[in-house]
Amino acid sequence: MADLEQFRSETRSWLEANCPEEMRQPVHDEKDVYWGGRNASFKSEAQKQWFEACVEKGYTVPAWPKEYGGGGLSAAEAKILREEMGRINARPPLSSFGIWMLGPALLKFGTEEQKKHYLTEIARGEIRWCQGYSEPGSGSDLVSMQTFGEDAGDHWVVNGQKIWTSYADKADWIFCLVRTDKENKYQGISFLLFDMESEGVSTRPIKLISGNSPFCETFMDDVKVPKDQIVGEVNRGWDVAKYLLGHEREMISATGGGDRATSLGAAMNRQGELDPVLRAEMALFDVDALAFTAMSEKFMDELKAGKGHPAQPNTMKYAGTELNKKRHELIMAAGGSRSLEWDSEETDGGKPARSWLRTKANSIEGGTSEIMLNVVAKRILELPGA
Amino acid sequence: MADLEQFRSETRSWLEANCPEEMRQPVHDEKDVYWGGRNASFKSEAQKQWFEACVEKGYTVPAWPKEYGGGGLSAAEAKILREEMGRINARPPLSSFGIWMLGPALLKFGTEEQKKHYLTEIARGEIRWCQGYSEPGSGSDLVSMQTFGEDAGDHWVVNGQKIWTSYADKADWIFCLVRTDKENKYQGISFLLFDMESEGVSTRPIKLISGNSPFCETFMDDVKVPKDQIVGEVNRGWDVAKYLLGHEREMISATGGGDRATSLGAAMNRQGELDPVLRAEMALFDVDALAFTAMSEKFMDELKAGKGHPAQPNTMKYAGTELNKKRHELIMAAGGSRSLEWDSEETDGGKPARSWLRTKANSIEGGTSEIMLNVVAKRILELPGA
Amino acid sequence: MALYHDDDQAMLADSASQFMAEEGSIAKQLRHWRDRECKDGFGHALWKQFGEMGFAGMMVAEDDGGLGMGNVEAGIVLEEIGRNLTPSPFLTSSVMAGTALGHASADLKERWMPGLVSGEQVYAVALDEGPKHRPESIATRAERSGNGFRLSGTKDFVVHGASADMIIVAARTSGSDSDENGVTLFAVPRDSGGMSQDAVRLVDSSVATHLKLDGVELDGDAVIGEVDGGREVLNRMLQAGRVGAAAESVGVARGAMDLTVDYLKQRKQFGRLIGEFQALQHRAAHLYSEVEIARAAVLKAQQLLDAGSEQADLMVSVAKAKAGRTAGLAVREGVQMHGGIGMTDEYDIGLYMKRDRALSEFMGDAYYHAGRVAQLSGY
Amino acid sequence: MALYHDDDQAMLADSASQFMAEEGSIAKQLRHWRDRECKDGFGHALWKQFGEMGFAGMMVAEDDGGLGMGNVEAGIVLEEIGRNLTPSPFLTSSVMAGTALGHASADLKERWMPGLVSGEQVYAVALDEGPKHRPESIATRAERSGNGFRLSGTKDFVVHGASADMIIVAARTSGSDSDENGVTLFAVPRDSGGMSQDAVRLVDSSVATHLKLDGVELDGDAVIGEVDGGREVLNRMLQAGRVGAAAESVGVARGAMDLTVDYLKQRKQFGRLIGEFQALQHRAAHLYSEVEIARAAVLKAQQLLDAGSEQADLMVSVAKAKAGRTAGLAVREGVQMHGGIGMTDEYDIGLYMKRDRALSEFMGDAYYHAGRVAQLSGY
């Protein structure tokens, strides 16, 4: 305990010295987030300074081992760092799918060589990763994927198409599920890594209803992938994918609660008196939202303690995303005609409407609500049948 | 049109002369309803007088042909009679499953002899009927019934058990679905009629959560049923049953709307100020309820005109019963602790609570909400699959 | 009156359905104009076709050159507009302004009716004065000035205001903001000095304005109906607008439902059509039930309104609330059941979601109208 | 503090679970007493066992002979009570009266604590003054009379009032009905002259009374806490009662859900277990999710209350509302999924529905508490 208190005071001093004032403000838009990668540029000197200070301490990935560019912090220390960063509203120095997704998979399934190489790149923000899971024909039914990697001796030749690859047009490398055995459904998939600049890779952004294009279609046309660019064993990529999907749901569950933690009605910027029926709907929503916040906290506490049912993240993801959609429906209702505006200055370019539309993906991406309910029915309630 | 106006004024005079003042009040409880039958007795002289006047005119079943004891009225005339009775709040002179259910089946499937015999008995309130459809193992899956009628030459020998036979302990005869062929699922069922005083028939009332026992279990132990006591052909009873089920849903849809026609919030007898959140919930409910009332009206109008999808009664039954359950939830909430009382005088013996519990059966009896949704999905939306 | 369309109405429905599917389709109209960032948010050519078809002036009395039809008939056209997401000034011009002008002087009618009937002119209404619909309270002032009036105030959510040749403005000629009396309606021509508009594109690609009246001078003959007695005409305009928006919402709900049910019959997952999954079947069947209820409620409200019934006001609010909630359910279920592609701009289902949002807000959302139902029911 | 039961609490949960399943089961208690039309609505023998187990006085301070436990621990017992529908005066006596008496004078404690701890006495609370819970307003009057007070007024929904040896009555010693100050709590012995009760059986077979105070004379030492300053103790009693009722509701929800999920695994229709039907699976999974959320909310509220946090009040209302709504969902889904037999008295699921109704109403329903959440959040 004494050690932890010392760590806290050291952390506080270090943050005081290294986190610029400008980096102690909420993230307003996409540009305030530094994603790293080959083509990255800093938005400001302060952003650069803060990133570099963190890289030096390993604080872009505080809990990863030091030898892979991490901070080597214990869980308790990492929590203190989070708390102290939260206290001063410090922005994350680096965001990336490498940190959130590939990293955890490599830590569990990667070879020592891979960890050294890829994790360090991620920690230092050198390579920006994207994810190649879904295909047009395989949404919830992920395992029906068709993208095929043909064995060509020392490499695979990959052909196919991925969809919903986040920021594929800006990413340097992709981690990608590829079928390497057409006979075996689950045990015929491999988890491959390759450079997006490889010959035969092309991307096309997908325009969403929110007007943004954070996702791409990615096409692979005779792409050569060396045999050592695989995580886990050949044809056992589904294990890696499942682990990552679980991790993703856990992450969505654990971190998605940001703005759900507060009372909607209290947080809302209202003009005039609230319609009494809308007020009642908000009150009933706030009961749900505040109760869910307690469940988030309980979930995190149980996770740390190794308690709780392993399928619980599915419940969390279901309830959390459905609530978030409803929250934004109510925000739109409270905002009235003003919140309908699509590109006005007063709405900061249609933020309420675009955010509202964005939330509709919450219950689709990372496993639909329907899939979550299936899993809860089967694995927690142990209901019979297919 | 002139004829109808004349009919209206004649009807008005006839009602004036024949419907006693006492019979022009809302039905307060079960005893205010005359069900007829061998053991029936009138609650009052007025009830008897009104019943007998109606029997004479055929107005217990105004639209049935005169030769079967009906009033022989056209649809337009029957509507006028309904309207005129409604105008003075006249009670129905006779209620019975014979009128609502067996009658329509006999009119469609019965022989001339059967019609003469049974319909006249029903119209004159001489025989009270009950319905033998469900069995303990076959709820929604009606066709899986096990009660078996063995062919013994000039009669069947029936063995088995029925459940949910309404007022079987008070009924004189039963119309009953019996399996007469074990090989054919649908085409192995016959629609039999028999006397509840037949040897081997016994009943046991089922106590419900509302504290009442309107239903029975009915046991058949080597019951002999003469061969002429069948409606429709042997092994084609499912056609009769399906027709009746459709008719039942139509009836529930069409008549169940009684107290739904009014605004809940307006109708409620409230003490003190209404809680604002409860008020909002009531307001949203009233939107649904008043909208549904419009659908009821549209449905009835379309029915009369032969328009509308034949599976529409399933929609009506689903929406109407779910709404009625919600209505009573809100009535209970508005009534607060007073409405929790189970047998106090102030609540007329726990009327709010018992009615509330009674409504829970609405979405089960006559086809569950789940079955209704299945049917709508298949027959109206034409969705694929089992 | 039977609660279904009579033969004439059924014929109208057929022709409106065919016309809108052919000429007013999403590809031809909504996407076309949206992708060109059209300043009007709709096509004038189509609006003239509305005139040729007789739709534009359908609610205008026959004496004034129209077809003298009612809210039921306008609702038929609006339901088809909703199904096809057809952008047009029909609701603000033909239904709302048309209803109000029906109560105007002969001079005003002469000035504005021909352009409406022919579809050559576009009219808008300026009622809201904040982000939520609260027409009980009107703060915009109209002071006597010479023979006429001088209008000052601001209005929001003036749909098609930027394209409008004339805007009907509700202003206060006496009393305080929330007084029942003292309201007057004005037909304000687009070029009136002192009127300025700030156009904003909305989520559904329509264009509305924030309107500013900075001492707008109007002749006395710009008054629709009676000075200080405009509340009644305003209410009629509101009722027509509300039940019209409700009819369009039912169309949006049906369009979204149809798209979705079709998708359930095509999309395969886990080796089965997703329409085979019972959970989706039940949700689709529930949605169907809600849509049928909303349709009936809207038709009932239209009939009551056309019959001049006292119950019309209550039923109009029921219809607007129910249709809005139902369309909301339809588009949410639609997007969710479409899965990932439902989030893409390429598929139409998202367009239904956007239109529903704007339409539900227009002339009062479901919360507002549920509150009105409670009030009108005495609780 | 981690948001799950610590080791001691987990042990308590085990023993409470075992005790309630064995001694407090539906067959042994609820049905037993109900079918005998017991005037108390619960069994005194079981209540003494609560005393022997240490449950009855678990919230009483160790100095006063109890276990000095908090709302988390009481909630553990209440959740098991809820799961088994065990009728007992635990919530009114141990939790509510126990909380209030903790703030009483040494004399009052000496008089009432031993009987509570041993389970030999039963206490009730008289707060509501109409069919809905509105403790902000208290009309019952207590006027100075000699050294003591004279109470007049009526109270409703006094659960276990008919069996109570002492009833805690909230009365007004000054100010007007809805004043924050001027409230005083009294410990009124059962045999007090001028107090009469009209006992009514409720839907869940418990017995409550309408209580009449017709000039009830009490000594000054019957006052719990300060004269005119009873609001704070009242609030503590309310919070304990609300979060306790919420915990019991979670138990009811779990009990109903477990029964139903079991049934889904046994009942066959159309040749399949009904638990195979996806529509029912999704509804069951949704219910599970709601129950988990309600449990977490209740535990959070209990912890905040035990820690004396300022956020406790808000979270207690969240917990009461969420638990009530969840239990309501659980019993409605339970009865519906049981089908016809769910309507019979023979099956237990209907008993859960009845208990939920009474419990949700007790100490304020979900609508009341949602309104409080809005108020406490400043809107």
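Quick caveat, the model's predicted, so the values are computed rather than measured. Reminder, nothing fancy here: chain letters follow the sequence lines and each chain counts from 1.
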If you count the non-hydrogen atoms of other residues, nucleotides and ligands that lie under 6.0 Å from [atom1] in [X], is the total more than 12?
| X | atom1 | answer |
| --- | --- | --- |
| K265(D) | NZ | yes |
| E136(D) | CD | yes |
| K185(B) | NZ | yes |
| F148(B) | CZ | yes |

With respect to chain D, which residue among [options] yields the maximal number of heavy-atom pairs within a distance under 4.5 Å?
| options | result |
| --- | --- |
| V277(B), I209(B), I163(B) | I209(B) |
| E329(B), R279(B), R354(B), E281(B) | E329(B) |
| A333(B), P136(B), G335(B), S138(B) | A333(B) |

*Counting N and O atoms only, with roles assigned by atom type, does the side chain of K354(D) sit under 3.5 Å from a partner on the main chain of S210(B), one being a donor and the other an acceptor?*
no

*Indicate yes or no for a side-chain donor-acceptor contact from D141(B) to the backbone of F270(D) under 3.5 Å, with no hydrogens or angles considered.*
yes

As an exercise, state the distance from [atom1] of [X] to [atom2] of [Y], rounded to the nearest 0.5 Å.
| X | Y | atom1 | atom2 | answer |
| --- | --- | --- | --- | --- |
| M332(B) | R357(D) | CE | CZ | 5.0 Å |
| M343(D) | W164(B) | CE | CH2 | 7.5 Å |
| D275(B) | R372(D) | CG | CZ | 12.5 Å |
| E37(D) | D343(B) | CD | CG | 8.0 Å |

*side chain to side chain contact (heavy atoms under 4.5 Å, CB included) between L357(B) and V203(D), worked out*: CA-CA 10 Å; L357(B) 288 164; V203(D) 63; 4.1 Å; yes

*So T344(D) and F215(B), side chain to side chain contact (heavy atoms under 4.5 Å, CB included) or not? Walk me through it.*
CA-CA 10 Å; T344(D) 65; F215(B) 300 105; over 6 Å; no

*Carefully, step by step, assess R338(B) and E361(D) under the rule side chain to side chain contact (heavy atoms under 4.5 Å, CB included).*
CA-CA 10 Å; R338(B) 177 61 86 184; E361(D) 193 65 43; over 6 Å; no

_Stepwise side chain to side chain contact (heavy atoms under 4.5 Å, CB included) test for Y367(D) and M282(B)_ = CA-CA 11 Å; Y367(D) 303 119; M282(B) 279 188 192; over 6 Å; no

*asked:* Between A358(D) and chain B, with a heavy-atom cut-off of 4.5 Å, which part of the residue counts as in contact: side chain, backbone, both or neither?
replied: both

*Interface moiety of L280(D) toward chain B, non-hydrogen atoms closer than 4.5 Å*: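 Answer is side chain: those atoms of L280(D) sit under 4.5 Å from chain B.
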
Interface moiety of [X] toward chain D, non-hydrogen atoms closer than 4.5 Å:
| X | answer |
| --- | --- |
| A361(B) | both |
| L278(B) | both |
| L142(B) | neither |

*Between the side chains of E341(B) and H210(D), is a donor N or O closer than 3.5 angstrom to an acceptor N or O?*
yes

*Indicate the atoms forming the closest heavy-atom contact of S337(B) with G130(D), along with that distance.*
OG-O, 4.0 Å

_Only pairs of heavy atoms separated by less than 4.5 Å count here; which of R201(D), K268(D), H133(D), E346(D) has the most with chain B?_
R201(D)

Could you list the donor-acceptor pairs under 3.5 angstrom formed between side-chain atoms of residues 331-341 of chain D and any protein atom two or more places apart in sequence or on another chain?
residue : atom : partner : partner atom : Å
R332(D) : NH1  : G328(D) : O            : 3.4
E333(D) : OE1  : R283(D) : NE           : 3.3
E333(D) : OE1  : R283(D) : NH2          : 2.7
E333(D) : OE2  : R283(D) : NE           : 3.0
Q336(D) : OE1  : S363(B) : OG           : 2.6
Q336(D) : NE2  : S363(B) : O            : 3.1
Q336(D) : NE2  : E370(B) : OE1          : 2.9
H338(D) : ND1  : G334(D) : O            : 2.8

*List in chain and number order the residues that pass ring pair (Phe, Tyr, Trp, His ring centres under 6.0 Å) with H286(D), two or more places apart in sequence or in another chain; answer none if no residue qualifies.*
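Expected list: Y318(A).
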
